[in-house]
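Just so you know, these numbers use all the heavy atoms, side chains as well, and skip hydrogens, waters and symmetry mates.
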Number of protein chains: 2
Amino acid sequence: MPESHRDDIRNLALFSDMAEENFEALMRGAYVQNFPPRVDLAVEGDTPDFLHIILSGSVDLFSSWNGRETSMATVRPVSTFILAASINDAPYLMSARTLEKSRIVLLPSQDVRDVFMKDGDFARAIVTELAQCYRSVIKNTKDLKLRTSLERLANYLLRQKNRSGSLEFDLVMEKRRLASFLGMTPENLSRAFKGLEPYGVKVQGNHIVITDLDDLARFARPNPLIDDHHA
Amino acid sequence: MPESHRDDIRNLALFSDMAEENFEALMRGAYVQNFPPRVDLAVEGDTPDFLHIILSGSVDLFSSWNGRETSMATVRPVSTFILAASINDAPYLMSARTLEKSRIVLLPSQDVRDVFMKDGDFARAIVTELAQCYRSVIKNTKDLKLRTSLERLANYLLRQKNRSGSLEFDLVMEKRRLASFLGMTPENLSRAFKGLEPYGVKVQGNHIVITDLDDLARFARPNPLIDDHHA
DNA sequence: TCGCTCGCTTGACATTTATCAAGCGACTTT
DNA sequence: AAAGTCGCTTGATAAATGTCAAGCGAGCGA
């Protein structure tokens with residue numbers, strides 16, 4: 001494990017407060033691996049042998065049932081997944097697959113649970129992390145249940161605008177995956193983009209331009225209790 | 001605070017492992033209150049002044065946006081809500097309202113955070129609780145995104161069957177709220193019940209009889225990674 | 001460069017779900 | 001008992017969303 005990776009991990013809120021010796025113990029069992037795109041890292045139902053930390057690239061979390069599949073979230077550096085299963089030693093509820101070439105740290109779940117049991121600061125950091133994850137999923141549920149697909153797309157675009165800090169930005173994922181993430185079909189996403197044109201949204205390939213922010217916001221009605229990440 | 005309530009709370013997984021003195025500290029600031037039906041206990045967006053523990057009755061957690069409203073969950077004794085907001089000191093994402101006459105313990109959030117900061121066992125118990133909540137919401141999202149409303153109802157009925165341990169049971173909530181919880185309108189729930197008749201579901205008012213479990217299960221295709229609570 | 005693949009788009013159509021309006025029936029109130 | 005309320009149901013209709021099939025076009029490899 002190169003020193004720079006060690007520091008990246010140590011700087012994560014999840015690991016920054018724990019005792020040095022416990023962090024060292026975790027790092028001793030850890031190893032870094034490079035994965036090509038489209039590699040399955042975990043399959044739902046599996047027992048969580050490792051806590052994953054993504055250092056570079058991106059990972060798709062998705063779920064399947066009865067031949068259908070839906071994208072649940074995208075994980076980007078530097079962060080961990082899937083923590084809840086590792087700590088609880090319960091089966092994965094989501095599968096994970098690299099979207100691009102990715103560098104990922106694997107921490108044996110048993111080590112994580114051992115340190116969790118003896119390091120209170122680590123336990124508290126996990127609480128903060130899980131509480132954030134929990135709140136994110138609740139927001140996602142509200143988005144799904146309270147909004148139409150057009151409204152979900154409009155609010156998604158506003159969130160991306162805020163993330164990029166510009167009225168002009170590129171989509172960070174394939175449209176087909178965005179569709180799945182937003183709970184609709186690719187065909188419908190295509191139509192939804194057209195449907196937002198009257199509200200000042202220009203789309204060319206992956207490039208989005210919001211030409212009338214007020215108009216879009218008036219339609220989307222963004223709400224901090226659904227759309228503000230980390231709030 | 002009567003002694004019996006104290007014990008009910010102490011026996012909750014969330015509080016059973018913590019140091020006695022810390023538990024006492026929490027209880028000193030706590031008070032029990034009886035609420036009539038349909039009382040708002042918390043409104044989404046509010047700051048969480050109290051961690052709530054429900055001793056009897058039932059509480060609806062729901063969310064609103066743009067004039068629409070959806071039921072997110074029902075809390076039943078003995079359990080806590082809304083923990084994540086209290087710990088994070090972040091605004092409620094859901095509103096809470098008593099469904100019936102309910103007895104509820106209010107623990108000042110600041111006290112909870114104070115004890116959380118000094119009691120590692122309490123922190124670990126919170127992790128377990130939050131991880132469970134998180135996994136429940138993930139399952140709910142999968143249910144919503146991967147299934148049609150008819151399939152959601154069918155699987156809901158199978159879950160209730162398992163809870164009651166019988167092929168015959170009463171619905172534990174009003175149909176209108178069940179509809180909202182399952183992400184559909186009351187009209188559609190009515191039609192969905194009819195749609196399940198061919199699969200061996202008999203409905204009379206709140207009373208449900210599953211006359212052909214195999215048939216229903218063949219249609220519903222229940223999955224532990226969506227339907228098993230606490231797994 | 002040609003031709004292929006693949007994701008995206010479009011149109012026609014089917015299905016699912018919501019909306020609106022009316023009526024039913026249990027329960028409450030007077 | 002009569003009238004009213006309220007939740008549930010039903011039917012007609014509309015809107016949203018999904019499916020299927022075809023075609024477009026950028027990027028890639030032969």
(request) Decide whether a cation-pi geometry holds between Arg147(B) and Trp65(A); the criteria are a distance under 6.0 Å from NZ or CZ to the six-membered ring centre and an angle within 45° of the ring axis. (result) yes
(message) Check for me whether the distance between the ring centres of Tyr199(A) and Phe219(A) falls short of 6.0 Å.
(response) yes
(message) For the backbone of Glu44(A) and the side chain of Ser95(A), can you confirm whether one donor and one acceptor N or O come within less than 3.5 Å of each other?
(response) yes
(request) For Arg68(A), enumerate each residue passing the salt bridge (Lys or Arg N to Asp or Glu O under 4.0 Å) test, keeping only those at least two apart in sequence or located in another chain. (result) Glu151(B)
(message) Could you walk me through whether Asp227(A) and Arg159(A) satisfy the salt bridge (charged side-chain N to carboxylate O under 4.0 Å, His left out) test, starting with their C-alpha distance in whole Å, then the side-chain angles of each, then the deciding distance to 0.1 Å, before giving a yes or no?
(response) CA-CA 7 Å; Asp227(A) 301 293; Arg159(A) 293 198 298 267; 2.8 Å; yes
(message) Just to verify, what does Thr74(A) make a side-chain hydrogen bond (donor to acceptor under 3.5 Å, both in side chains) with, not counting sequence neighbours?
(response) Arg177(A)
(request) Verify, without hydrogens or angle tests, whether Lys142(B) (side chain) and Leu225(B) (backbone) share a donor-acceptor contact under 3.5 angstrom. (result) yes
(request) Please work out which residues in residues 142-161 of chain A have a non-hydrogen atom less than 4.0 Å from an atom of DNA chain D and list them by number. (result) Thr148(A), Ser149(A)
(message) On the six-membered ring of Phe193(A), is Lys202(A) placed so that its NZ or CZ lies under 6.0 angstrom from the centre and within 45° of the ring axis?
(response) no
(request) Mind listing the residues from residues 185-201 of chain B sitting with a heavy atom below 4.0 Å of DNA chain C? Number order is fine. (result) Thr185(B), Glu187(B), Asn188(B), Arg191(B)
(message) Looking at Ser79(B) and Arg76(B), would you say the former's side chain and the latter's main chain have a donor-acceptor pair under 3.5 Å?
(response) yes
Would you list the protein and nucleotides 25-28 of chain D atom pairs, both N or O, that sit under 3.5 Å from each other?
none

(request) Nearest-nucleotide wise, let me know which of Asn206(B) and Met184(A) is further upstream toward the 5' end of DNA chain D. (result) Asn206(B)
Under 3.5 Å, which protein N or O atoms sit close to an N or O of nucleotides 4-7 of chain D? Give each pair with its distance.
none

